[in-house]
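Have a look at the structure below before the remarks.
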Amino acid sequence: MAVFRSVSTQYDFPALEQRVLAFWKEREIFAKSLAPRGDADRGTFVFYEGPPTANGLPHNGHVLTRVIKDLFPRYKTMQGFTVPRKAGWDTHGLPVEVEVEKELGIHGGEAIAEYGIEPFTQRCIESVFRYTAEWERLTERIGFWVDLQDAYVTFHTRYVESVWWALSRLFAKGLLYQGHKVVWWWPQGGTALSAGEVGQGYKTVTDPAVVVRFPVDGDDGLSLLAWTTTPWTLASNVALAIGEALDYVEVEVTEGDEAGRYLLADGRREAILGDRPHHVVRTVKGSELIGLRYRPPFSFAEPDGGDPFRVIPADFVTLDQGTGVVHVAPAFGEDDYRVGREQGVGFLQLVSPDGKMTEACGEFAGRFCKEVDRDLIRDLKRRGLLFSDGQVRHEYPFCWRADDDPLIQYARKSWFVRTTEKIDGVIANNRATKWYPGHIQEGRFGDFLANNVDWALSRERFWGTPLNIWINDETGAMDAPASVDEILARNPDAFAAFDAAREKDPSLSEHLRVHKPWVDHVTWTKAGEPGTYRRVPEVIDCWFDSGCMPFAQWGYPHADGSRERFEQAFPADFISEAIDQTRGWFYSLLAISTLVFDEETQRELGLGDVREYPHPYKHCVVLGHVCDRTGKKESKSKRNYTPPDIIIDRVTMPMKVVVAGDGGPLNDLAGTVTDEQVGLTRDDHEGLDFQRRGCELTIRKDDASVSCLEPVGAGKADDFAAATDDNDYRHSVILSPAIAGRLGLTTGDTVEIEDATPAPGADAFRWFFYVSPPWNNTRHSLAGVRLAQKETLITLYNVYSFFTIYANIDGFDPAALGATGIEAADLAKATGFRPIAERGELDRWLVSELELTTAAVTAALDDYQVHEAARALSAFVDGLSNWYLRRSRKRFWAPGEVGDDSASTDKLDAYWTTWECLVTLGRLLAPFTPFLADDLFGNLAVAPLGERVAESVHLASWPVADESRIDRALSSRMAAARDVVSLGLAARSAHRLRVRQPLSAVQVCFADPTMAESLGSLGATVAEELNVKAVHFPASLDECVQYEVRPNFKALGPKIGKRMPLVQKALRAADPAALKRELDASGAVAVAVGDGDPITLGPDELEVRLAAKDGFAAEGGRVGVIVLDTEVTPELEREGWGREVVNRIQTMRKDLDLAYVDRISIAIDGPTALTDALAEHRDAIAGETLAVDIAFGPAPDGAEAREVQIGPHTATIAVTRVAG
RNA sequence: GGGCCGAUAGCUCAGCUGGUUAGAGCACCCGCCUGAUAAGCGGGAGGUCGGUGGUUCGAGUCCACUUCGGCCCA
């Protein structure tokens, strides 16, 4: 019975991953990993899950986020931390409402009110979890361990109450206030639109563009000129803005209707005055105009507050258009509002929310604002206030749903959080936070904080956390209860309306108690106070919801046990999201935490220890975007979107069918295909790699399918699309009539094609994201994932497979040999497990590399440098496979079996070393590739050792680097040996000396002379790799090596600075061979520098370089120079023939499909010069090829014979399998 | 218009606090090795490190300006 399950080299990673998923589920591994770890317990590592909106399907960017989020908790868990991972869902907000509006075919506040807020809200609740199943499937499939069962949900009562509590705290601190916010407003729908929606609705239209006179007070005949494309806002004008630094002129227009004196920017004079005859009266700086008073064009009403109708400075005035004097109507422009507030010019809003001019507007009252433009202009003209009348074509936003409805900028009453008052604290908090990459801190985020404006908190929407402010309808007093209980204390019947609704419809979600419209029925009175408290109508920005999650996820402070849980999980050690969250979640978390949890409050709340900055997160990894292979952001509308399933489960794609030769218009483009082929449009098919060599495809239609089809190129994708006027034909599949017939397909059908090669799988997808810095934008494609997989994961898998094959053959069983676990102490007493120091150099090297890798990976992960950790692992796997195992293969084939004690010490060393390294590597890889790691660990450690080890690698401990097993000198020696081998192979290549041809010797001359001695037994390795009989280290190779002695700039730079060029010059002038001799002999050289004192340079301050002189089979590199002895003696030549013959026989074995334990019998027929030579090496040949017998003579009957060329000789080799 | 990031070989990307021969993988070509490897090894070709100017003994790396992309915001 084999110890290890054999590992097939027919890779199917998705299948492996499904097995592991089933194992995790069955054994509840995730739940077990959350349990504190007894002795090894190192406390809690706090992770916050940023709640995704399950309002759309997850894409590749979410995969990146999830795999980064998963990595660190797994790592910390293995290190002995407890890492609770509570999932969460962001459920409120505009996207949800928009989705529901789309379903209902309605849009805007009024339409929603008409439909009914009650059913609308219920629809929102239903909509929120529409894609949850897909999200959960991806989350699980990609291996992101997070507690989905106990997720926090932002619309749940408990969560809402926590948010209320935070708002109530802010209210108590005076940090909530009501002001105005200018939004893009859709008057017909009675709704504000988000930036994204506005961006969708721009159209090019013609609008009036008028220049209006604003007569200056106290200077008859002088007017300021201002330009506007929205005449209807003139009625609400309160100020004129100028640029302080700009030049203005007073001009006199001498003729025509416009005769008079005007003030405008000098730079706009020509554009505005045109050819009107005029002269400049005077020139003034803008700053001199400040304070100038004027008469507004309309006086329907007095502005509220402030000191209106005067010239004020503003930073947004430019000379790009207009007059350089800007009409300011704070009610209808964001800049206007801001500058109006700053300058205290008052506020006037003569348009009501439905877009109609207000009652105050005389003859214009009740008409839609944009429709009164012409009449207003006529009125101005009549009153002599119109300077010029024109039109402009420009882009103007319209409602994206009702595209005849223009949007207007409109100031709405809005609630704000006074973040600016506490911004210093927020900035200090940010500075204490550790950001990855570092530039976010003072860059994108720091800049954002430095330009902070108060947080516009309220939304005039329906599906959100209701703002918990109740206002007394008589006194105006405000009250902000922090929970349902606090409301009930004010009025026990407060929720009567909801309770009644629920009685009528028991399916009504209990959580709607704290939502619109029911919460709007909640009122109370207070004893001794007139009036009734009624809630304000608004809901809040859903970013405030998610920013409350550090405490709201536990229902803090109301829920039972929430204080303890919050106490334990505040602040977070680690969070991670994509860069677009800078102004989103990263900000809302930081701002809310800073404002709510100031020191005084923390003390008041009785938090055990006061949490200093940073809170609520210490380390924040900011992820880049996942783009397509051309660097464009993936989006469905651009058709450059690859669903994650293509990577993790099945490489499949829907395509349009074109039947070859059906006489249709596409035939010329399609060409012809055989019944074994499919044609594909020449396109890269969203990064799918159907073009690669040996690719086989399957066509599927319902239950029928045709497999083993070879893809061939057809016409260009664009041509297909153009010929059919159908973009779907970009991805066309051309089928032969026979295949199309078999599947019942005709041109124009859509069919699934699938790659016969299994998809890369979740581990590969994860690994792909780990190997490059996650904060860079990543270009993602199937080919890219396959490449990353091949480089490391497949290499490792092959090592793993090799090991299990031979370990099973030899009966290597760690448990039977006495291992009691996987740590060094558990292995020390096992049979054949020798101390590392006693093993051969190759084993010591591998173990040393393993320890170095362990240290490197640990250090990199501690610093959140995922890619560095992944690269260290990649390098180790490469060394393990391509050096250690390649060099060790023969040790595994050596005679003797572990089970019957006949194995050699060396063979056992190879097994123990490989086994231990693989098991440790499995642990190191566990956070990265949790599936493969667990499969490997389960097979290599758990299968033999059973309960003596953790049942899953994710419950095992993280390896700790053992410094005593690190041998840095050996590492550098091995590196030097590998360099020497490279040079030797380069020399062979350059001189056409094939490696099969043995040579007598190689001379090696190191740049560092001490290396020659320390290379030690590695000389044998070099000899074997280079196929030479001897390696010599001559003290000097002057005849074929030239030296260069140069300064070690890094060491010398700080010491001599500006004198560097002098030293360089002096060294160049000297004889390098002499310098080297002096350096070797005395350990230092003195160089004369100009007229100053000579400078003495030690070996560390100089660098000796060697180069090969021409005319030798020599190669040089940093390590030194090697020279091959190229003479091929007759003996060497004959030995070479032997190796040639082995090569031919092995090829024949392969061609004959012989099993690799099959014995053979060989007959070689050729000239005696050859056969005599081969006879000398008969044993070597037989050993290598598993031949029981080598005969020289003609091939026996029935043998597979082949004519071959061996050196100058032609021979016939016959191979026969020997039965038994 | 403001802010941030990026630009390095045909492609995808490394390059730590400045150190003088700028690296890797893929693809390509040549050669080799091979009974773990949809492999491996060696070599070759391919780079004025987006441009200009500056700081420095020394710049892919620091500074300024600039061009082109990307993202965020207005």
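Quick note on labels: first sequence line is chain A, next is B, and so on, each numbered from 1.
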Just verifying a value: how many Å separate [X] [atom1] and [Y] [atom2], rounded to the nearest 0.5 Å?
X        : Y        : atom1 : atom2 : result
A:Gln789 : A:Thr795 : CD    : OG1   : 10.0 Å
A:Phe332 : A:Tyr337 : CZ    : OH    : 13.0 Å
A:Ile579 : A:Asn776 : CD1   : CG    : 10.5 Å
A:Leu918 : A:Phe803 : CG    : CZ    : 6.5 Å

Using a heavy-atom cut-off of under 4.0 Å over every strand shown, decide if [X] touches base, sugar-phosphate, or nothing.
X         : result
A:Arg889  : base
A:Arg988  : nothing
A:Pro773  : sugar-phosphate
A:Thr795  : nothing
A:Val799  : base
A:Leu1052 : nothing
A:His867  : nothing

The side chain of [X] lies closest to which of these nucleotides: [options]?
X         : options             : answer
A:Met1060 : B:A14, B:C57, B:A36 : B:C57
A:Glu791  : B:G19, B:G25, B:C41 : B:G25
A:Ile579  : B:A38, B:C71, B:G25 : B:C71
A:Phe1049 : B:A38, B:C57, B:G19 : B:G19
A:His439  : B:U37, B:C5, B:G19  : B:C5
A:Leu787  : B:U34, B:A38, B:G25 : B:G25
A:Ser982  : B:A36, B:C57, B:G42 : B:G42
A:Arg1046 : B:C13, B:U20, B:G42 : B:U20
A:Lys1050 : B:C41, B:G3, B:G19  : B:G19
A:Asn776  : B:U17, B:A14, B:U34 : B:A14

[N]: pairing nucleotide in any strand, Watson-Crick or G-U under 3.5 angstrom:
N     : result
B:C68 : B:G6
B:G25 : B:C11
B:C62 : B:G54
B:G1  : B:C73
B:U37 : none
B:G42 : B:C30

When you compare [N] with [M], how far apart are their [atom1] atoms, in angstrom units rounded to a whole number?
N     : M     : atom1 : answer
B:U20 : B:C5  : C1'   : 30 Å
B:C11 : B:C72 : C1'   : 29 Å
B:C49 : B:U21 : P     : 15 Å
B:G18 : B:U61 : P     : 11 Å
B:U56 : B:C13 : C1'   : 30 Å
B:C30 : B:G46 : C1'   : 15 Å
B:A9  : B:A45 : C1'   : 10 Å
B:G3  : B:G23 : P     : 37 Å

Discussion item. We want to know whether A:Ser888 and A:Arg891 form a side-chain donor-acceptor pair, criterion being a heavy-atom distance below 3.5 angstrom.
Written reply: yes
Between [X] and [N], is there a side-chain N or O to OP1/OP2 distance below 4.0 Å?
X         : N     : value
A:Asn1027 : B:C33 : no
A:Arg886  : B:G40 : no
A:Asn451  : B:G2  : no

Self-check item: pair A:Glu334-A:Val183: side-chain heavy atoms closer than 4.5 Å
Solution: no
Original post:
Just wondering, do A:Leu1097 and A:Val1063 contact through their side chains at under 4.5 Å, heavy atoms?
Top reply: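 Heavy-atom side-chain distance check passes, below 4.5 Å.
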**Report entry** base_contact_polar (B:C71 base, A:Arg444 side chain, donor-acceptor, <3.5 Å)
**Finding:**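 For A:Arg444, whose side chain was compared with the base of B:C71, there is a donor-acceptor pair (under 3.5 Å).
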Checklist line | A:Tyr806 ring center within less than 6.0 Å of A:Tyr911 ring center | finding: no
